[in-house]
Amino acid sequence: MENLRSLLASKNKEDPIAFGHKYKRPNGAYFAGGSGYVMSRSAMIRFVTLGLPMKNTSCPATSSENEDWRMGECLESVGVTLGDDRDSEGRSRFFPLGVEGHITYADDPGVAPWFENYTYYPAKPGFQCCSPTGISTHYITGLDMYAFEYAIYHLRISGMDYPYSSSLE
C-alpha cells in the first residue's frame with residue numbers, strides 16, 4: 001500500500017488517469033486485469049457517469065470475457081488516460097506474470113515471445129524487470145501473502161540500517 005500511495009501522491013487526482021501494467025491492443029492499450037489497475041477519482045467519475053452500460057457502446061455490460069481489454073476500450077472512450085506505471089528506470093510496478101514470472105520470463109519460450117509482443121513498454125528480463133517500488137502482483141495465494149508480509153515488514157538483513165524498524169515490529 002505504501003508504494004501505491006507514493007505513486008498516487010505524485011499525481012493530480014483531478015486528472016482522469018489510470019495505472020496498471022499496460023498491454024497493446026489495436027488502436028489503444030489496456031491494463032492486465034490480474035495484477036489490477038487503479039484509477040484517479042476523476043477517472044472513476046468518468047467511468048461511472050459516461051461509461052457504464054446504456055451510456056457508451058464501448059463499455060458492454062454483458063461480456064465478462066476479456067474484462068481487462070474491454071475496460072481499456074471503455075476507459076479510453078470516456079477520455080481516461082492509460083498512464084505509465086513504470087519507475088524512473090523503466091521498471092514495472094504492476095506484475096501480471098507474478099514477480100518470479102517477470103524475472104524469468106525470458107527463459108521461457110512459451111512466455112517470452114507473447115509477453116514481449118504484447119507488453120506496451122519494452123520488457124526487461126531478470127531483476128531489472130521490476131521496480132523496487134512494486135505495487136501489485138498476479139498469481140499469488142493467500143499463503144504467499146504471509147510470505148510477502150514477512151519478507152517486507154519483518155525480515156531484517158544483518159548489518160543493514162532500518163531507520164523505521166521500531167514502528168514495524
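All values below were derived from every heavy atom in this structure, side-chain atoms included, with hydrogens, water molecules and symmetry-related copies excluded.
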Given the side-chain rings of Phe115 and His102, with only the six-membered ring counted for Trp, is the space between their centroids under 6.0 Å?
yes
Of all the heavy-atom pairs spanning Pro125 and Ala123, show the shortest one and how long it is.
CD-O, 3.9 Å
Closest approach of Trp69 and Pro26, non-hydrogen atoms and distance?
CH2-CD, 3.4 Å
A quick test of your reading: do over 12 heavy atoms of other residues, nucleotides or ligands sit less than 6.0 Å from NZ of Lys13?
no
Kindly indicate whether the side chain of Tyr118, heavy atoms from C-beta on, has any atom under 4.5 Å from the side chain of Tyr23.
yes
Taking Phe127 as the starting point, is it possible to reach Phe95 by hopping between hydrophobic residues whose side chains are less than 4.5 Å apart?
yes
Rounded to the nearest 0.5 angstrom, the CZ-SG distance for Arg86 and Cys130 is 13.0 Å
Measure the shortest side-chain to side-chain distance between Asp85 and Ser92 over non-hydrogen atoms and say whether it is less than 4.5 angstrom.
yes
Do side-chain atoms of Thr137 reach the backbone of Val99 as a donor and acceptor pair under 3.5 angstrom?
yes
Please step through side-chain hydrogen bond (donor to acceptor under 3.5 Å, both in side chains) for the pair Asp15 and Thr81, ending with a clear verdict.
CA-CA 8 Å; Asp15 290 341; Thr81 299; over 6 Å; no
State plainly whether the residues Glu76 and Arg25 are in salt-bridge range, i.e. N to O under 4.0 Å.
yes
If you measure from CG on Leu50 to CG on Leu75, what distance do you get to the nearest 0.5 Å?
11.0 Å
Would you say Cys74 and Phe47 make side-chain contact, with heavy atoms under 4.5 Å?
yes
Cation-pi check, Arg93 to Phe19: give yes when NZ or CZ is under 6.0 Å from the six-membered ring centre and within 45° of the ring axis, no otherwise.
no
Between Tyr150 and Phe148, is there a shared hydrophobic cluster once you connect ILVMFWY residues whose side-chain heavy atoms come closer than 4.5 Å?
no
Going by heavy atoms in the side chains, are Met145 and Ile140 under 4.5 Å from each other?
yes
Minimum heavy-atom distance between Ala32 and Tyr37, given as atom pair plus value:
O-CD2, 4.0 Å
Go through it in stages, so that I can follow the logic: the residues are Thr119 and His21, the test is side-chain hydrogen bond (donor to acceptor under 3.5 Å, both in side chains), and I'd like the CA-CA distance, side-chain angles, deciding distance and then a yes or no.
CA-CA 8 Å; Thr119 200; His21 185 86; 2.8 Å; yes
If you measure only the distance, is there a donor-acceptor pair under 3.5 Å linking the side chains of Glu116 and Tyr105?
yes
More than 12 non-hydrogen atoms from neighbouring residues, nucleotides or ligands closer than 6.0 Å to OH on Tyr121, yes or no?
yes
Side chains of Pro132 and Asp87: closer than 4.5 Å at any heavy-atom pair?
yes
Please name the pair of heavy atoms, one in Cys59 and one in Gly51, separated by the smallest distance, quoted to 0.1 Å.
CB-O, 2.7 Å
Check the hydrophobic clustering (I, L, V, M, F, W, Y; side-chain heavy atoms under 4.5 Å; chains of links allowed) and say if Ile152 and Met1 are grouped together.
no
Would you call Ile135 and Phe94 a side-chain contact if the rule is heavy atoms closer than 4.5 Å?
yes
Heavy-atom nearest pair, Leu82 first then Ala29, reads CD1-O, 3.3 Å
With heavy-atom distances below 4.5 Å as the criterion, would you say the side chains of Thr133 and Leu7 are in contact?
no
Shortest non-hydrogen contact from Ala43 to Ile17?
CB-O, 3.5 Å
Taking everything shown except Asn27 itself, do over 12 heavy atoms lie less than 6.0 Å from its CG?
no
Under 3.5 Å, is there a donor-acceptor pair between the Ser42 and Ser40 side chains?
no
What's the spacing between Ser131 OG and Lys124 NZ if we round to 0.5 Å?
10.0 Å
Determine whether Tyr30 and Met71 fall in the same hydrophobic cluster, where Ile, Leu, Val, Met, Phe, Trp and Tyr are linked whenever their side-chain heavy atoms lie under 4.5 Å apart.
no
Supply the atom-to-atom distance Gln128 CD to Ile103 CD1, rounded to the nearest 0.5 angstrom.
11.0 Å
Should Met44 and Met39 count as side-chain neighbours, where that means a heavy-atom distance under 4.5 Å?
yes
Do the side chain of Arg91 and the main chain of Ser88 share a donor and acceptor less than 3.5 angstrom apart?
no
Give a yes or no on whether Ile45 and Val48 share a hydrophobic cluster (residues Ile, Leu, Val, Met, Phe, Trp, Tyr; joining criterion: side-chain heavy atoms under 4.5 Å apart).
no
